Amino acid sequence: MKLQQIALIEDNEAWVQSLRWNEQGLLPAIVQDAETKAVLMMAYMNRESLQLSLERGETVFWSRSRKELWHKGATSGNTQRIVELAIDCDRDTLLIQVNPKGPACHTGTYTCFDEENGTDSGQLRQAVVEQEELVKQLKVQVQPVVADAVEERNVSVHVLDQLAQTIAERDRERPEGAYTTYLFNQGLDKILKKIGEEASEVIIAAKNNNAEELTSEVSDLMFHLLVLLQDRTVSLDTVLSELSRRHAKPRRDDYNQLGKVKNKE
C-alpha cells in the first residue's frame, strides 16, 4: 500500500501489531529502489522502528548489533524516502520501496548487493536513469490510423536508427556515468544477462495482459538488443536487410505440433 494510504489508517499501531513478528519482535525488511526496482539492502525492524518509519516517511530500522534504533541516513544524509510498503502473504516480511538520497551500503555502493564490486556510489542508479531516457526514444505513442501509414512506419524505424547511433556514440566515447558505458565496460556476459532479464520481463508483462507494461518492457528489450548489436559490430541495417530479404516474397511454411517443418532440397 502507498504510504499516504497507510497514513489514512486511524490506528497505525493496531496495523503494526497485527503483523507476525518473530521471537525477537523483529521483521526482515527488504528495501527496493522504487524507480529502478533494484534491491538495495535488507535490515530488520521492530514495532517502534516501523511505527517511526510510517510517521516520518523515511526508513528507520533496529540495529541488532547495537541494540538501538537506526534512522537510515541520519548521520550520512543517505536517507530513504518511503514510497510504498508491502507485506508478504505470511505477514512476516516487509518490502519497502524508496527513493534513496544516496548509496544504501556502508561501503559507499548504490546497493548492498553490488555484484560488480566497485561501482561508484550512485553511479549505477544514475546510469539506469540515463537508460530510461534513452529507452523513451523507443516508446512511440500509438497514433490514429492515417492514410500515409508507410510514412509513419518509416518514422518509427528512424527512431530505432537514431537510438542505434546514440548507442554507437556511447561506445566510442564511453562517457562517465552513462548506462551504455557501464554495459560496454562490463562486457558481453553482462549484456547477455540483461537481455535475458528483459526477455523474462516481457513474458511476465504479456501474461499480465498489460499493454502499457508490455510496451515498456519490449522497449527495454529492444534497447539492450541494440547494445548487443553494437558490441558484436552488427549494424541495425544488417538486421533490417535480413528481415526484408526474408519477406521479399510470399512463403508458405508447413507446421506440425513440433513446429516448423523445413523443406528438404
Side-chain angles (χ1 to χ4, degrees), residues 1-9 12-13 15-16 18-22 25-66 68-117 119-133 135-136 177 179 182 194 197-198 201 204 212-213 216-217 220:
M1 63 181 69
K2 300 287 187 182
L3 184 62
Q4 57 265 34
Q5 293 175 323
I6 297 175
L8 293 176
I9 299 175
N12 279 342
E13 186 175 352
W15 180 81
V16 170
S18 72
L19 304 180
R20 295 181 59 183
W21 303 89
N22 66 16
L26 302 175
L27 277 182
I30 302 168
V31 182
Q32 181 183 41
D33 190 318
E35 185 173 352
T36 69
K37 307 306 179 186
V39 175
L40 302 179
M41 59 181 289
M42 197 282 283
Y44 286 87
M45 287 185 169
N46 61 11
R47 291 171 174 83
E48 184 180 2
S49 67
L50 177 54
Q51 185 69 42
L52 287 172
S53 296
L54 296 176
E55 293 173 1
R56 298 179 181 180
E58 294 182 349
T59 55
V60 179
F61 304 106
W62 174 256
S63 172
R64 294 179 298 168
S65 59
R66 300 192 302 271
E68 64 182 13
L69 293 171
W70 163 38
H71 179 195
K72 174 65 176 173
T75 55
S76 66
N78 300 325
T79 55
Q80 297 172 337
R81 173 62 59 178
I82 299 174
V83 176
E84 190 167 351
L85 282 165
I87 190 75
D88 76 334
C89 57
D90 293 325
R91 299 182 67 78
D92 62 2
T93 303
L94 285 167
L95 175 64
I96 307 176
Q97 292 193 356
V98 302
N99 285 329
K101 194 174 181 181
C105 188
H106 69 282
T107 63
T109 56
Y110 164 61
T111 167
C112 292
F113 301 92
D114 182 18
E115 61 181 309
E116 312 310 334
N117 295 323
T119 303
D120 291 337
S121 169
Q123 180 178 348
L124 183 56
R125 188 172 197 272
Q126 177 185 351
V128 173
V129 171
E130 178 174 338
Q131 174 217 346
E132 293 178 351
E133 291 300 317
V135 168
K136 284 179 182 179
Y179 180 66
Y182 164 75
K194 290 299 299 181
E197 292 173 357
E198 299 299 345
E201 292 175 2
I204 293 171
E212 182 178 355
E213 181 183 357
S216 177
E217 298 301 346
D220 288 340

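This one's a predicted model, so the numbers in the text were calculated from it and none came from an experiment.
- Closest approach of Lys101 and Gly77 over heavy atoms only: CD-O, 3.4 Å.
- Distance check: Ser53 OG to Gln80 CD gives 9.5 Å after rounding to the nearest 0.5 Å.
- Across every non-hydrogen atom of Met41 and Phe61, the tightest pair is CE-CE1, 3.9 Å.
- Residues that satisfy the ring-ring contact (aromatic ring centres under 6.0 Å, His included) test with Trp62, not counting sequence neighbours, are absent from this structure.
- Remark: Gln97 engages Gln32 in a side chain to side chain donor-acceptor pair (under 3.5 Å) (not counting sequence neighbours).
- Heavy-atom contacts from other residues, nucleotides or ligands closer than 6.0 Å to CZ of Arg64 number 12 or fewer.
- The minimum heavy-atom distance linking His71 with Val60 is given by the pair CD2-CG2, 3.9 Å.
- Taking the side chain as every heavy atom from C-beta outward, Met45 and Ile96 approach each other to under 4.5 Å.
- Taken to the nearest 0.5 Å, the CG atom of Asp220 stands 7.0 Å off from the CD atom of Glu201.
- In this structure, the side chains of Tyr110 and Pro103 stay at 4.5 Å or more apart for every pair of heavy atoms.
- No donor-acceptor pair closer than 3.5 Å links the side chain of Ser216 to the backbone N or O of Glu213.
- For Glu68, the CD atom counts as densely surrounded, since its 6.0 Å shell holds more than 12 non-hydrogen atoms of other residues, nucleotides or ligands.
- Residues satisfying the side chain to side chain donor-acceptor pair (under 3.5 Å) test with Thr107, not counting sequence neighbours, are Thr109.
- Using a distance-only test at 3.5 Å, with no hydrogens or angles considered, a donor-acceptor pair links the side chain of Asp88 to the main chain of Thr93.
- In this structure, the side chains of Ser18 and Arg91 come closer than 4.5 Å at one or more pairs of heavy atoms.
- Distance NZ/Lys194 to OH/Tyr182: 7.5 Å, rounded to 0.5 Å.
- Side-chain contact between Ile87 and Leu94 is present, with at least one heavy-atom pair separated by less than 4.5 Å.
- Remark: Asp33 CG to Thr111 OG1 distance equals 9.5 Å, nearest 0.5 Å.
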Going through the checks in order, is the salt bridge (charged side-chain N to carboxylate O under 4.0 Å, His left out) test met by Glu58 and Arg56?
CA-CA 5 Å; Glu58 294 182 349; Arg56 298 179 181 180; over 6 Å; no
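- Partners of Arg47 under the side chain to side chain contact (heavy atoms under 4.5 Å, CB included) rule, at least two apart in sequence or in another chain, are Val16, Gln17, Trp21.
- Applying the ring pair (Phe, Tyr, Trp, His ring centres under 6.0 Å) definition to pairs two or more places apart or across chains, none involves residues 77-100.
- The side chain to side chain donor-acceptor pair (under 3.5 Å) check on Ser76 picks up Asn78, with sequence neighbours excluded.
- Between Leu54 and Ile82 the shortest side-chain heavy-atom distance does not fall below 4.5 Å.
- For the side-chain contact (heavy atoms from CB on, under 4.5 Å) with Val98, the lone residue among Leu40, Leu85, Val83 that qualifies is Leu40.
- Summarising the geometry, atom CG belonging to Leu26 is positioned 8.0 Å from atom OG belonging to Ser49; distances are rounded to the nearest 0.5 Å.
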